Engineer: 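Once you've had a glance at the structure underneath, I'll fire off some questions.
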Amino acid sequence: MDYQKVSSLAKRRGFFQPASEPYGGLAGFFDYGPVGVKFREKILRLWKRHYVLGLGCLELDGALVGPEALFKASGHLSEFDDPLVECEECNKNYRADQLVEGGDGMSRKEMGEALKSMCCPSCEGSLSELSAFNLMFATEVGAGRGVKGYLRPETAQSIFQCFPWLYRLNRNKMPLAVSQIGRSYRNEISPRQGLLRMREFTQMEVEHFFLSENEPSIPSHLGGVSLVLVPNEGESLETNIENAVKNDIVGSSLVGTHLAAAQAFLLSVGIPKESLRWRQHRKDEMAHYSQDCWDGEIKTSIGWVEVVGVAHRGDYDLQSHGKSSGVEFRVPVPGTSKTVEKWVLNVGALGKEFKSKAGDIQKIVTDMELVPGMEISLDGGVISLGEEFFKKEITQESEMVYPCVVEPSFGLDRLFYSILETAWKEDGERQWLSLPKMVSPYDVLVAPLMTKDGLAERAKEICNMLLENGIDAFYDESGSIGRRYARADEVGIFFSMTVDHQTLEDGTVTLRERDSKNQSRVPIDDALSKLGR
RNA sequence: GCGGGCGUGGUGUAGCCUGGUAUCACUCAAGCUUGCCAAGUUUGUGACCCGGGUUCAAAUCCCGGCGCCCGCACCA
């Protein structure tokens with residue numbers, strides 16, 4: 001299915017449509033409708049099953065707005081602020097810092113000066129003034145002289161700034177995996193292609209923290225997962241992840257683990273394996289924080305779509321937040337704990353001896369190494385502090401390091417779109433969404449064969465019973481039974497339950513399976529157990 | 001942001017050049033009918049992206065905005 005068809009299906013059946021539609025829409029923003037919400041819910045549920053249950057992630061739901069200092073530390077304030085110039089003749093846009101030699105480290109002013117003597121590289125026309133854009137949405141927090149705040153450009157920062165808290169809640173243990181599902185905001189210059197490039201989007205993300213000297217190895221159930229890898233150098237190949245790491249095609253076992261885990265998840269939501277590949281970023285397309293990055297890409301009608309990035313972010317983020325905030329973001333390295341004996345001032349003795357001068361002495365020695373017998377200058381003279389002015393303190397100290405982090409980050413909206421495209425099936429007149437049971441928007445369609453003879457009433461009762469049992473049932477009595485099946489097929493409902501005269505007699509219903517259209521007659525209780533996920 | 005194309009019920013469209021408030025199909029709703037795969041039939045709901053201009057009169061012509069598609073650039 002192509003882009004146009006997805007959009008039209010989405011609007012017709014209630015998956016999504018442009019936001020603020022009555023006012024002509026707003027580029028880059030979308031509303032998810034009744035069916036879309038259900039569908040998203042099912043994807044999220046499965047994702048949580050993989051990552052929260054499977055991997056034992058702690059969950060976080062961070063605030064969307066953060067202070068300027070946070071994004072200064074994360075690097076987004078400077079990295080998202082690109083200087084632009086435009087050719088006044090041919091209207092081509094250039095990144096000023098790439099156009100000017102050595103523009104990388106220049107200030108805006110220097111760059112502006114340098115550009116004055118330059119012209120357009122392609123047509124030699126004259127260049128416009130420097131303009132800047134920042135991809136972050138800014139806002140004012142509070143009344144009057146409010147503080148400047150920004151909508152987060154990635155959910156990750158919520159986790160990073162929470163790291164000391166989360167580490168404590170994990171009872172100071174590493175590794176530590178934290179997951180978060182939430183929205184992020186980027187003021188894209190030109191959002192295109194609907195859900196694929198939005199200004200407000202949902203990320204499903206894990207930050208998997210670990211100590212580099214203690215990197216988790218690949219769990220046995222993932223080692224054999226076979227992936228199509230496209231490294232930034234050399235030929236693409238298909239191999240299992242254990243070999244890929246062993247042969248250094250993938251440079252980190254935890255990155256490898258997450259590539260395999262991400263693929264397992266993608267297959268479970270119905271992405272066909274043959275439409276999936278893992279492409280390594282070139283050095284020059286890597287984000288400012290990234291050491292290595294592999295994109296999970298799905299083949300669609302508009303090309304390969306990146307739906308997940310697995311990035312090795314090193315210790316970049318924790319280090320910047322640690323240094324910027326002054327809070328401890330490091331953790332002790334296990335096995336490096338050692339007993340340290342050191343001298344500290346005996347303030348009591350000092351006070352008795354030196355009275356009012358004691359405070360001055362404390363100040364003087366603040367930055368000095370404390371040893372009995374040390375000499376200090378005081379009031380023009382030199383005095384020696386004997387052992388009586390010191391106490392021996394014995395403490396345990398460990399080597400402290402910033403943990404590294406590997407981050408699988410899914411774009412829910414892109415995945416949503418890609419599933420719709422790849423799951424769409426056409427067979428003559430018939431067209432349907434061949435979604436796996438686990439992500440079908442509804443568990444079952446409940447339909448009376450006809451509305452007469454109390455069948456509708458009985459069907460409604462059954463529908464309510466299903467809902468009370470936690471089954472996501474959808475009731476439909478309108479139109480011929482074939483039409484109702486067709487409607488259900490189009491939103492990917494996996495089962496259809498039909499209530500007929502026999503139901504009134506013996507309590508059985510027919511269950512129809514979407515893809516095969518096969519029907520079987522079963523007692524309602526059996527049907528109930530088949531419908532759960 | 002730039003250049004080109006485009007914007008008509010829920011969906012897909014005709015009409016636009018040559019101004020006179022709109023075509024067709026599907027969908028949807030109500031009824032009849034049928035009773036397990038989009039059937040038939042009757043009735044019905046529902047649209048000219050927004051704003052301004054020209055004109056007696058604008059879906060139609062002109063200008064601006066917004067949105068969509070393609071290309072350029074951008075894509076952490």
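Chain A is the first sequence line, chain B the second, and so forth, proteins listed ahead of strands; every chain is numbered from 1. Only a predicted model underlies this, so the values are computations on that prediction, with no experimental measurement involved.
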Engineer: What is the pairing partner of C36(B), taking Watson-Crick or G-U wobble pairs with both distances under 3.5 Å in any strand?
Structural biologist: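 Across all strands, not a single nucleotide pairs with C36(B).
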Engineer: Between atom CZ in Phe30(A) and atom C1' in C68(B), what is the gap in whole Å?
Structural biologist: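 Computing the Phe30(A):CZ to C68(B):C1' distance gives 10 Å.
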Engineer: With rounding to whole Å, what would you report as the distance between G20(B) and C63(B) at their C1' atoms?
Structural biologist: 24 Å
Engineer: Check this for me: does the side-chain of Arg192(A) come within 3.5 Å of the base of G71(B) through a donor and an acceptor?
Structural biologist: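 Answer is yes: a donor-acceptor pair is held.
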Engineer: Can the positive tip of Arg40(A) be found less than 6.0 Å from the middle of the six-membered ring of Tyr32(A), inside 45° of the ring normal?
Structural biologist: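 Yes, Arg40(A) lies over the aromatic ring of Tyr32(A).
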Engineer: Distance criterion of 3.5 Å, no angle test: do you see the side chain of Arg512(A) paired donor-to-acceptor with the base of C36(B)?
Structural biologist: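 Side chain to base: no pair present.
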Engineer: Can you tell me the Watson-Crick or wobble partner of U41(B), both distances under 3.5 angstrom?
Structural biologist: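 G31(B) - that is the nucleotide pairing with U41(B), both distances being under 3.5 Å.
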Engineer: Across all strands shown, which nucleotide pairs with C17(B) by Watson-Crick or G-U wobble geometry, both distances under 3.5 Å?
Structural biologist: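 C17(B) is paired with nothing.
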Engineer: Kindly determine whether Glu421(A) and Lys5(A) satisfy side chain to side chain contact (heavy atoms under 4.5 Å, CB included), including the steps that lead there.
Structural biologist: CA-CA 9 Å; Glu421(A) 245 207 40; Lys5(A) 274 182 161 173; over 6 Å; no
Engineer: Rounding to the closest angstrom, what is the interatomic distance between G12(B) and U23(B) at atom C1'?
Structural biologist: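 Result for the C1' pair: 13 Å, nearest Å.
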Engineer: Between C24(B) and C62(B), how many Å separate the two P atoms, rounded to a whole number?
Structural biologist: 28 Å
Engineer: Hey, does the side chain of Arg484(A) come within less than 4.0 Å of A38(B)'s phosphate (OP1/OP2), counting only N and O?
Structural biologist: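 The answer is no; no side-chain N or O of Arg484(A) sits under 4.0 Å from OP1 or OP2.
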Engineer: Is a side-chain donor or acceptor of Asp453(A) paired with a backbone partner of Leu455(A) at a separation under 3.5 angstrom?
Structural biologist: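 Not confirmed, Asp453(A) side chain does not pair with Leu455(A) backbone.
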Engineer: Hey, is the side chain of Lys11(A) poking within less than 4.0 Å of OP1 or OP2 on U11(B), counting only N and O atoms?
Structural biologist: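 The answer is yes; a side-chain N or O of Lys11(A) sits under 4.0 Å from OP1 or OP2.
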Engineer: Tell which nucleotide pairs with A58(B), taking only Watson-Crick or G-U wobble pairs whose two distances are both under 3.5 angstrom.
Structural biologist: none
Engineer: So is Arg512(A) actually on top of Tyr485(A)'s ring, under 6.0 Å and inside 45° of the axis?
Structural biologist: yes
Engineer: Picking from Arg313(A), His208(A), His258(A), what satisfies side chain to side chain donor-acceptor pair (under 3.5 Å) with Glu407(A)?
Structural biologist: Arg313(A)
Engineer: Report the distance from atom CZ of Phe495(A) to atom P of C37(B), rounded to the nearest whole Å.
Structural biologist: 20 Å
Engineer: Let me know the distance between CD1 of Ile189(A) and C1' of C72(B), rounded to the nearest Å.
Structural biologist: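 Result: 12 Å.
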Engineer: When you check the phosphate oxygens OP1 and OP2 of C36(B), does a side-chain N or O of Thr498(A) lie under 4.0 Å from one of them?
Structural biologist: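 Indeed not, no polar side-chain atom of Thr498(A) lies that close.
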Engineer: Could Arg279(A) and Trp304(A) be counted as a cation-pi pair, given that NZ or CZ must be under 6.0 Å from the ring centre and within 45° of the axis?
Structural biologist: no
Engineer: When the distance from OH of Tyr23(A) to C1' of C66(B) is rounded to whole Å, what number comes out?
Structural biologist: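 Between C1' of C66(B) and OH of Tyr23(A): 14 Å.
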Engineer: To the nearest Å, how far apart are Arg12(A) CZ and U11(B) C1'?
Structural biologist: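 The answer, rounded to whole Å, is 6 Å.
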Engineer: Quick check for you: among C68(B), A30(B), C36(B), whose closest atom lies nearest to any side-chain atom of Ser478(A)?
Structural biologist: A30(B)
Engineer: Output yes when at least one side-chain N/O atom of Arg483(A) is less than 4.0 Å from OP1 or OP2 of C36(B), else no.
Structural biologist: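 No, outside the criterion.
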Engineer: Any strand counts, and the cut-off is 3.5 Å on both contacts for Watson-Crick or G-U wobble. Which nucleotide pairs with G12(B)?
Structural biologist: C24(B)
Engineer: Rounding to an integer number of angstrom, what distance separates C28(B) and G64(B) when you compare their C1' atoms?
Structural biologist: 37 Å
Engineer: Counting heavy atoms from C-beta on, name the nucleotide in C28(B), C68(B), G1(B) closest to the side chain of Ser190(A).
Structural biologist: G1(B)
Engineer: What does Gln519(A) touch in the nucleic acid at a heavy-atom separation under 4.0 angstrom: a base, only the sugar-phosphate, or nothing?
Structural biologist: base
Engineer: Using the C1' atom in both, what is the distance from C69(B) to C36(B), to the nearest Å?
Structural biologist: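 Taking atom C1' in both C69(B) and C36(B), they lie 42 Å apart.
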Engineer: Would you please test Trp424(A) and Glu426(A) for side-chain hydrogen bond (donor to acceptor under 3.5 Å, both in side chains) and show each step?
Structural biologist: CA-CA 7 Å; Trp424(A) 188 249; Glu426(A) 292 187 22; 3.0 Å; yes
Engineer: C36(B) base to Asp500(A) side chain: any donor-acceptor pair below 3.5 Å?
Structural biologist: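 Such a pair is found, so the answer is yes.
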Engineer: On the nucleotide A38(B), are OP1 or OP2 found under 4.0 Å from the side-chain N or O atoms that Tyr485(A) carries?
Structural biologist: no
Engineer: Touch check for Ser8(A), heavy atoms < 4.0 angstrom, all strands: base, sugar-phosphate only, or nothing?
Structural biologist: sugar-phosphate
Engineer: Below 3.5 Å, does any donor atom in the side chain of Arg197(A) face an acceptor in the base of C74(B), or the other way round?
Structural biologist: yes
Engineer: Rounded to whole angstrom, note down the P distance from U27(B) over to G40(B).
Structural biologist: 8 Å
Engineer: Would you mind classifying the nucleic acid contact of Gln17(A) as base, sugar-phosphate or nothing, using non-hydrogen atoms under 4.0 angstrom?
Structural biologist: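 If one applies the 4.0 Å heavy-atom cut-off, Gln17(A) turns out to touch nothing in the nucleic acid.
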Engineer: Quick check, are the ring centers of Tyr316(A) and Tyr402(A) under 6.0 angstrom apart?
Structural biologist: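 No, they do not, as the ring centres are separated by 6.0 Å or more.
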Engineer: Expressed in whole Å, how much space separates the P atoms belonging to C68(B) and C49(B)?
Structural biologist: 16 Å
Engineer: From G67(B), U34(B), A29(B), pick the nucleotide closest to the side chain of Arg487(A)?
Structural biologist: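 The listed nucleotide nearest to Arg487(A)'s side chain is A29(B).
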Engineer: According to the Watson-Crick and G-U wobble definitions, with both distances under 3.5 Å, which nucleotide is paired to C72(B)?
Structural biologist: G1(B)
Engineer: Considering only atom P, compute the distance from U8(B) to U60(B) and round it to an integer number of Å.
Structural biologist: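 After rounding to an integer number of Å, I get 13 Å for this pair.
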Engineer: Give a yes/no answer on whether the side chain of Gln193(A) brings an N or O atom under 4.0 Å of OP1 or OP2 in C70(B).
Structural biologist: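 So the side-chain polar atoms of Gln193(A) do come within 4.0 Å of the phosphate oxygens OP1 or OP2 of C70(B), strictly under.
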Engineer: Rounded to the nearest angstrom, tell me the gap between atom NE2 in His76(A) and atom P in C75(B).
Structural biologist: 14 Å
Engineer: Could you check whether Pro18(A) gets within reach of a base, just the sugar-phosphate, or nothing at all, counting any heavy atom under 4.0 Å?
Structural biologist: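 Counting heavy atoms under 4.0 Å across all strands, no contact is made by Pro18(A).
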Engineer: Between G67(B) atom C1' and Leu26(A) atom CG, what is the distance in whole Å?
Structural biologist: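 So the CG-C1' distance, Leu26(A) to G67(B), works out to 9 Å.
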Engineer: Round to the nearest Å and state the distance from Met497(A) atom CE to C37(B) atom P.
Structural biologist: 19 Å
